[in-house]
Amino acid sequence: MEMDKLVSLCKRRGFLFQSSEIYGGINGFWDYGPLGVELKRNVKDAWWRDMIGSHNELLQSPGAPSTHEMVGLDCTIIMHPQVWKCSGHYDLFHDYMVDCRESNKRYRHDQIRGRWVEAKNQKIFVATMAPVGQEQDDVQRKALKFFHLRAKNADDLKWVGDFVDLIGIEQVEQVLAPDAKTLGTLTEPREFNLMFKTYIGALSGEEGAAQLRPETAQGIFVNFKNIVDSTRVRIPFGVGQIGKSFRNEITPRNYTFRSREFEQMEIEFFCHPDTSHKWYQYWRDRRFRWYTELGLAGERLQLRDHHADELSHYSTGTADIEYAFPFLPEGEYGELEGIAHRGDFDLRSHMEGKLDPNTNPLELEKDEHGKPRWRGSGKDLSYRDDLSGERYIPHVIEPSAGADRATLAFLCEAYTEDQAPDEKGNLQTRVVMKLHPRIAPVKAAVFPLVKKDGMPEVAKELYGELKAIGNVFYDEKGAVGRRYRRQDEAGTPYCITVDGQSLKDKTVTIRDRDTLEQTRVKIEDCVEEIKQRLQ
RNA sequence: GCGGGCGUAGCUCAAUGGUAGAGCAUCGGCUUCCCAAGCCGACUACGAGGGUUCGAUUCCCUUCGCCCGCUCCA
């Protein structure tokens with residue numbers, strides 16, 4: 001399937017629009033049209049229902065180590081700035097970067113060091129990314145090359161001062177960038193803040209600075225104690241949340257795949273450390289099955305376990321659910337969801353302060369004065385098991401899914417072209433969105449075969465009754481074949497047609513989107529029949 | 001952010017230094033008893049800003065957006 005065909009259909013039929021399109025669009029932001037919003041809402045509703053609403057905490061789910069409970073949460077997009085400092089996002093997302101116009105390489109401004117050197121009446125600053133100890137070799141080699149000197153003439157280089165950080169060097173035009181041959185190729189340092197910044201308070205300055213959340217998960221961690229204290233949930237239990245998140249992606253691309261404003265469906269599952277690996281396995285398998293049951297059953301979906309060397313040492317497993325999107329190169333997959341075993345990293349970080357993920361066992365990250373780099377809340381987020389009396393910090397399994405990415409994958413998977421005969425029996429190409437009935441934006445369409453002889457009246461009445469089961473559509477205009485094809489493009493699974501026979505024996509036909517087969521049912525049974533088929 | 005390509009109607013495309021045309025779609029009417037039928041009619045576009053010019057959709061610059069490659073990807 002070519003991606004541009006799907007993009008064209010989504011625009012034409014109202015699944016997806018570029019945000020602010022009449023003003024030229026805005027990079028990395030997308031709107032869901034009337035069909036798209038139904039589809040995405042159905043995806044989110046299916047997730048919420050399957051993970052939380054319909055979960056039976058009295059029964060042990062297949063593959064689960066024990067019974068478990070599930071509750072929901074809806075927290076704010078803007079949170080206390082300390083949340084992001086302790087979570088690690090602030091440090092990781094916040095850098096000054098410089099680009100080299102010659103080599104097209106990008107560097108973290110604070111990682112470039114260098115040394116002034118003079119030769120042939122010219123004084124330049126030779127920059128390097130080499131580790132301490134190899135810096136002098138690196139800059140000498142580059143300086144010799146720049147001044148066209150031989151190694152034996154190294155004494156002609158007059159070094160001025162010791163190594164210093166590039167930060168503080170004002171004469172940018174005299175800087176020889178780490179991978180450049182000419183001077184002054186570095187851009188001004190630019191702040192790369194992958195988190196969206198905002199300001200709290202109508203008049204506030206920097207002291208009111210805050211961020212739009214880059215993930216919904218932290219809201220669950222910081223509410224862990226509230227949930228335990230208010231709901232009588234017992235470990236093991238999970239907290240689910242659906243909501244918008246924001247990331248300043250450097251290169252938003254590939255349709256809605258990498259959007260700057262996007263929606264997540266996340267679960268933080270809290271369990272005893274001794275059972276955490278089994279729960280990880282459970283969620284990994286269960287989440288994969290969820291996609292297959294909604295129609296991503298083909299080879300384009302895969303479950304990929306991270307290699308041991310990709311894992312943080314505090315994690316015993318991470319797996320990605322990936323889909324081979326048509327816009328990716330052959331053999332490449334894009335992430336729909338990550339399931340991560342996160343140990344007690346998150347709860348401890350919000351208790352004690354930001355932990356250093358490179359320590360084992362985990363230790364508090366310290367600044368140059370030996371103080372905590374970012375202070376935690378100081379609140380006790382441990383859990384006491386009322387039955388055993390044991391107190392511990394729960395381990396966390398995090399299935400984190402992208403609602404927009406899942407929606408896009410369902411759209412890609414659904415797009416199908418097949419051949420169907422037209423009125424004269426000639427085969428015509430038919431575009432049909434084979435969406436699973438649970439997520440299809442329109443559940444059924446009702447047509448009078450022709451707009452006369454009392455057929456519209458019968459069809460309109462049936463339409464009214466069908467409204468009770470979901471989004472249905474009524475159409476009496478033009479040829480019936482065209483109406484069928486229109487519904488095929490919208491992914492409507494069933495079309496119900498009132499014809500001449502309906503008037504005699506009170507029956508209608510139900511036409512199946514995928515097989516084109518029609519079956520005749522009594523009008524009075526029609527609502528129940530459609531309801532059955534949609535499940 | 002860098003390099004390259006592109007931007008004309010809802011969609012897919014065309015033409016042109018003298019202000020744009022088609023197919024499909026959409027809407028209205030007629031017709032029509034099962035898969036994009038037919039007839040009549042209607043609506044709709046040069047991404048934005050500036051410059052050159054008597055005149056710019058066309059040439060130039062800037063900007064925004066899209067695609068490809070590089071970079072980035074917690």
Side-chain angles (χ1 to χ4, degrees), chain A residues 2-5 7-14 17-29 33 84 87-95 97-108 179 185-190 192-195 214-215 217 245 247-255 257-258 312 327 329 334-335 338 340 357 400 418-432 447-453 455 476-489 495-504 508-513 516-518 520:
Chain A
E2 300 88 29
M3 199 59 199
D4 49 355
K5 285 189 176 174
V7 172
S8 167
L9 182 141
C10 284
K11 169 88 189 289
R12 184 158 43 85
R13 295 308 308 265
F17 307 126
Q18 193 177 18
S19 172
S20 316
E21 195 188 273
I22 62 168
Y23 287 108
I26 178 166
N27 196 353
F29 297 88
W84 307 113
S87 71
H89 290 87
Y90 183 85
D91 291 340
L92 277 163
F93 278 28
H94 195 101
D95 291 314
M97 309 288 282
V98 292
D99 290 314
C100 176
R101 296 187 191 92
E102 180 186 318
S103 65
N104 285 333
K105 289 199 185 299
R106 172 173 290 161
Y107 313 95
R108 268 180 59 178
D179 298 282
T185 58
L186 290 179
T187 60
E188 290 290 311
R190 276 172 299 216
F192 264 67
N193 195 343
L194 267 44
M195 281 193 287
E215 62 171 39
S245 292
R247 297 179 190 180
N248 264 318
E249 299 289 353
I250 294 165
T251 312
R253 206 171 277 189
N254 289 333
Y255 210 23
F257 183 77
R258 182 162 286 149
S312 310
F327 48 76
E335 182 182 343
S400 169
D418 64 13
Q419 302 284 312
D422 66 11
E423 194 179 41
K424 293 175 183 130
N426 300 319
L427 284 179
Q428 300 285 344
T429 299
R430 180 178 77 125
V431 173
V432 50
F447 308 145
L449 187 58
V450 291
K451 198 170 66 174
K452 60 180 187 185
D453 300 338
M455 289 179 211
E476 60 181 25
K477 308 270 177 59
V480 73
R482 176 172 300 276
R483 286 179 267 160
Y484 285 140
R485 296 295 173 92
R486 270 200 284 252
Q487 293 307 313
D488 290 339
E489 279 194 344
C495 292
I496 300 155
T497 304
V498 173
D499 58 12
Q501 192 178 331
S502 306
L503 306 170
K504 293 176 198 146
V508 290
T509 60
I510 298 176
R511 177 252 198 194
D512 183 280
R513 175 193 70 199
L516 302 178
E517 282 172 9
Q518 286 182 293
R520 193 166 276 280

J.: Just how far is it from atom CE of A:M455 to atom CZ of A:F447, taken to the nearest 0.5 Å?
T.: 14.5 Å
J.: Report yes if a donor N or O on one partner sits less than 3.5 Å from an acceptor N or O on the other, where the partners are the side chain of A:D499 and the base of B:rC33; otherwise report no.
T.: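 Not at all, since no donor on one side and acceptor on the other fall under 3.5 Å apart.
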J.: Look up atom SG in A:C495 and atom CZ in A:R483, then write down how far apart they are to the nearest 0.5 Å.
T.: 10.0 Å
J.: Indicate, with a heavy-atom threshold strictly under 4.0 Å, whether A:T497 touches base, sugar-phosphate, or nothing.
T.: base
J.: When the distance from CD of A:E489 to C1' of B:rA36 is rounded to whole Å, what number comes out?
T.: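 Interatomic distance, CD of A:E489 to C1' of B:rA36: 9 Å.
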J.: Taking only the P atom of each, what is the distance from B:rU71 to B:rA56 in whole angstrom?
T.: 44 Å
J.: In whole angstrom, give the distance that lies between atom CG of A:N254 and atom C1' of B:rG69.
T.: 13 Å
J.: What is the minimum heavy-atom distance between A:Q18 and A:G25, and which atoms define it?
T.: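 Looking at all heavy atoms of both residues, the closest pair is CD-CA, 3.9 Å.
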J.: Salt bridge (charged side-chain N to carboxylate O under 4.0 Å, His left out) with A:E335: which residues, sequence neighbours excluded?
T.: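 Salt bridge (charged side-chain N to carboxylate O under 4.0 Å, His left out) list for A:E335, sorted by chain: empty.
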J.: Between B:rC66 and B:rU52, how far apart are the P atoms? Round to whole Å, please.
T.: 31 Å
J.: Roughly how far apart, to the nearest Å, are B:rC24 and B:rC39 at atom P?
T.: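 B:rC24 and B:rC39 have their P atoms separated by 10 Å.
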J.: Suppose you measure atom P in B:rA9 against the same atom in B:rG47; what distance do you get, rounded to whole Å?
T.: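 Nearest-Å result for B:rA9 against B:rG47 at atom P: 7 Å.
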J.: In which ranges does RNA chain B form stems of 3 or more consecutive Watson-Crick or G-U pairs, distances under 3.5 Å?
T.: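 If one scans RNA chain B for consecutive Watson-Crick or G-U pairs, the stems found are B:1-7 with B:64-70, B:10-13 with B:21-24, B:26-30 with B:38-42, B:47-51 with B:59-63.
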J.: By nearest nucleotide on RNA chain B, pick out whichever of A:R12 and A:R253 is the more 5' one.
T.: A:R12
J.: Do the side-chain N or O atoms of A:K477 get closer than 4.0 angstrom to the phosphate oxygens (OP1, OP2) of B:rG28?
T.: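 Indeed, a polar side-chain atom of A:K477 lies that close.
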J.: Look at A:R483 and B:rC35 and indicate whether a side-chain polar atom (N or O) is within less than 4.0 Å of OP1 or OP2.
T.: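 No, because none of the side-chain N or O atoms of A:R483 sits under 4.0 Å from OP1 or OP2 of B:rC35.
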J.: On a heavy-atom basis, which atom in A:G334 and which in A:F257 lie closest, and how many Å separate them?
T.: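 In this case the closest contact between A:G334 and A:F257 is CA-CZ, 3.8 Å.
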J.: Mind checking side chain to side chain contact (heavy atoms under 4.5 Å, CB included) for A:V431 and listing every partner two or more places apart, or none if nothing turns up?
T.: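 Listed in chain order: A:L9, A:Y415, A:E417, A:E489.
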J.: Does A:R253 use its side chain to pair, donor to acceptor, with the backbone of A:R258 at less than 3.5 Å?
T.: no
J.: Can you name the residues that form a ring pair (Phe, Tyr, Trp, His ring centres under 6.0 Å) with A:Y255, not counting sequence neighbours?
T.: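 Applying ring pair (Phe, Tyr, Trp, His ring centres under 6.0 Å) to A:Y255 gives A:W30.
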J.: Taking the side chain as every heavy atom from C-beta outward, state whether A:R247 and A:P252 have any atom pair closer than 4.5 Å.
T.: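 No, their side chains stay 4.5 Å or more apart.
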J.: Taking only N and O in the side chain of A:K11, is any of them less than 4.0 Å away from OP1 or OP2 of B:rC11?
T.: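 So the side-chain polar atoms of A:K11 do come within 4.0 Å of the phosphate oxygens OP1 or OP2 of B:rC11, strictly under.
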J.: Could you tell me which residues satisfy side chain to side chain contact (heavy atoms under 4.5 Å, CB included) with A:R430, sequence neighbours excluded, listed by chain and number?
T.: A:D418, A:A420, A:V432, A:R485, A:D488, A:R511, A:L516
J.: For A:K452 and B:rG29, what is the distance between atoms NZ and C1' respectively, to the nearest whole Å?
T.: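 Answer to the nearest Å: 15 Å.
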J.: Please report the distance, rounded to the nearest Å, between CZ in A:R511 and P in B:rC35.
T.: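 Atom-to-atom, A:R511 to B:rC35, this comes out as 10 Å.
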J.: Restricting to side chain to side chain donor-acceptor pair (under 3.5 Å), what partner residues turn up for A:N27, sequence neighbours left out?
T.: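 A:N27 satisfies side chain to side chain donor-acceptor pair (under 3.5 Å) with no residue once adjacent residues are dropped.
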J.: Take A:G481 and A:G478, find for each the nucleotide of RNA chain B with the closest heavy atom, and name the residue whose nucleotide sits nearer the 5' end.
T.: A:G478
J.: Just the rounded figure in Å: distance from C1' of B:rC34 to CD1 of A:I510.
T.: 15 Å
J.: What residues, two or more places apart in sequence or in another chain, satisfy salt bridge (charged side-chain N to carboxylate O under 4.0 Å, His left out) together with A:K11?
T.: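 Salt bridge (charged side-chain N to carboxylate O under 4.0 Å, His left out) list for A:K11, sorted by chain: A:E21.
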J.: Taking CD1 from A:I22 and P from B:rA45, how many angstroms apart are they, rounded to a whole number?
T.: 14 Å
J.: Just how far, in rounded Å, is C1' of B:rC35 from CG of A:D418?
T.: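 Interatomic distance, CG of A:D418 to C1' of B:rC35: 11 Å.
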J.: Can you check the distance between B:rG69 and B:rG17, where both ends of the measurement are the P atom (answer in whole Å)?
T.: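 Going atom to atom, P in each nucleotide, I get 35 Å.
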J.: How far, in whole Å, is B:rU53 from B:rC61 if one measures between their C1' atoms?
T.: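 Per the computed distance, 16 Å lies between those C1' atoms.
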J.: Would you mind reading off the distance between A:D453 atom CG and B:rU32 atom P, rounded to a whole angstrom?
T.: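 It is 10 Å, rounded to the nearest whole Å.
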J.: Confirm from the modelled atom types if A:Q518 and B:rC34 form a donor-acceptor pair under 3.5 Å, side chain to base only.
T.: yes
J.: Please name all residues satisfying side chain to side chain contact (heavy atoms under 4.5 Å, CB included) with A:T509, sequence neighbours left out, ordered by chain then number.
T.: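 Scan of A:T509 (side chain to side chain contact (heavy atoms under 4.5 Å, CB included), adjacent residues dropped) gives A:T497, A:D499, A:Q518, A:R520.
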J.: Using atom P of each nucleotide, how far apart are B:rG50 and B:rC13 to the nearest Å?
T.: 30 Å
J.: Choose from B:rC33, B:rC35, B:rA37 the nucleotide whose nearest atom is closest to any side-chain atom of A:R482.
T.: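 For the A:R482 side chain, the nearest candidate turns out to be B:rA37.
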J.: Quote, to the nearest angstrom, the C1' distance that separates B:rU8 from B:rG4.
T.: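 Looking at atom C1' only, B:rU8 and B:rG4 are 23 Å apart.
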J.: Output all residues satisfying side chain to side chain contact (heavy atoms under 4.5 Å, CB included) with A:F29, sequence neighbours left out; order by chain, then residue number.
T.: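 Partners of A:F29 by the side chain to side chain contact (heavy atoms under 4.5 Å, CB included) criterion, ordered by chain and then number, come out as A:S19, A:I26, A:F196, A:R260, A:E261.
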J.: Give each protein N/O atom lying under 3.5 Å from an N/O atom of nucleotides 72-74 of chain B, with the pair distance.
T.:
unit_1: B:rC73; atom_1: O2; unit_2: A:R258; atom_2: NH1; d: 3.3
unit_1: B:rC73; atom_1: O2; unit_2: A:R258; atom_2: NH2; d: 2.6
unit_1: B:rA74; atom_1: N6; unit_2: A:R247; atom_2: NE; d: 3.1
unit_1: B:rA74; atom_1: N6; unit_2: A:R247; atom_2: NH1; d: 2.1
unit_1: B:rA74; atom_1: N6; unit_2: A:E249; atom_2: OE2; d: 3.3
unit_1: B:rA74; atom_1: N1; unit_2: A:R247; atom_2: NE; d: 2.1
unit_1: B:rA74; atom_1: N1; unit_2: A:R247; atom_2: NH1; d: 2.3
unit_1: B:rA74; atom_1: N1; unit_2: A:R247; atom_2: NH2; d: 3.2

J.: Could you check which of B:rC34, B:rA36, B:rC33 has an atom nearest any side-chain atom of A:M455?
T.: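 From the listed options, B:rC33 comes nearest.
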J.: Find every protein N or O atom lying less than 3.5 Å from an N or O atom of nucleotides 62-66 of chain B, and list the pairs.
T.:
unit_1: B:rC64; atom_1: O2'; unit_2: A:G24; atom_2: O; d: 3.3
unit_1: B:rG65; atom_1: OP1; unit_2: A:N27; atom_2: N; d: 3.2
unit_1: B:rG65; atom_1: O4'; unit_2: A:G24; atom_2: O; d: 3.0
unit_1: B:rG65; atom_1: O3'; unit_2: A:Q18; atom_2: NE2; d: 2.7
unit_1: B:rG65; atom_1: O2'; unit_2: A:Q18; atom_2: NE2; d: 3.3
unit_1: B:rC66; atom_1: OP1; unit_2: A:N27; atom_2: OD1; d: 3.2
unit_1: B:rC66; atom_1: OP2; unit_2: A:N27; atom_2: OD1; d: 3.1
unit_1: B:rC66; atom_1: OP2; unit_2: A:N27; atom_2: ND2; d: 3.3

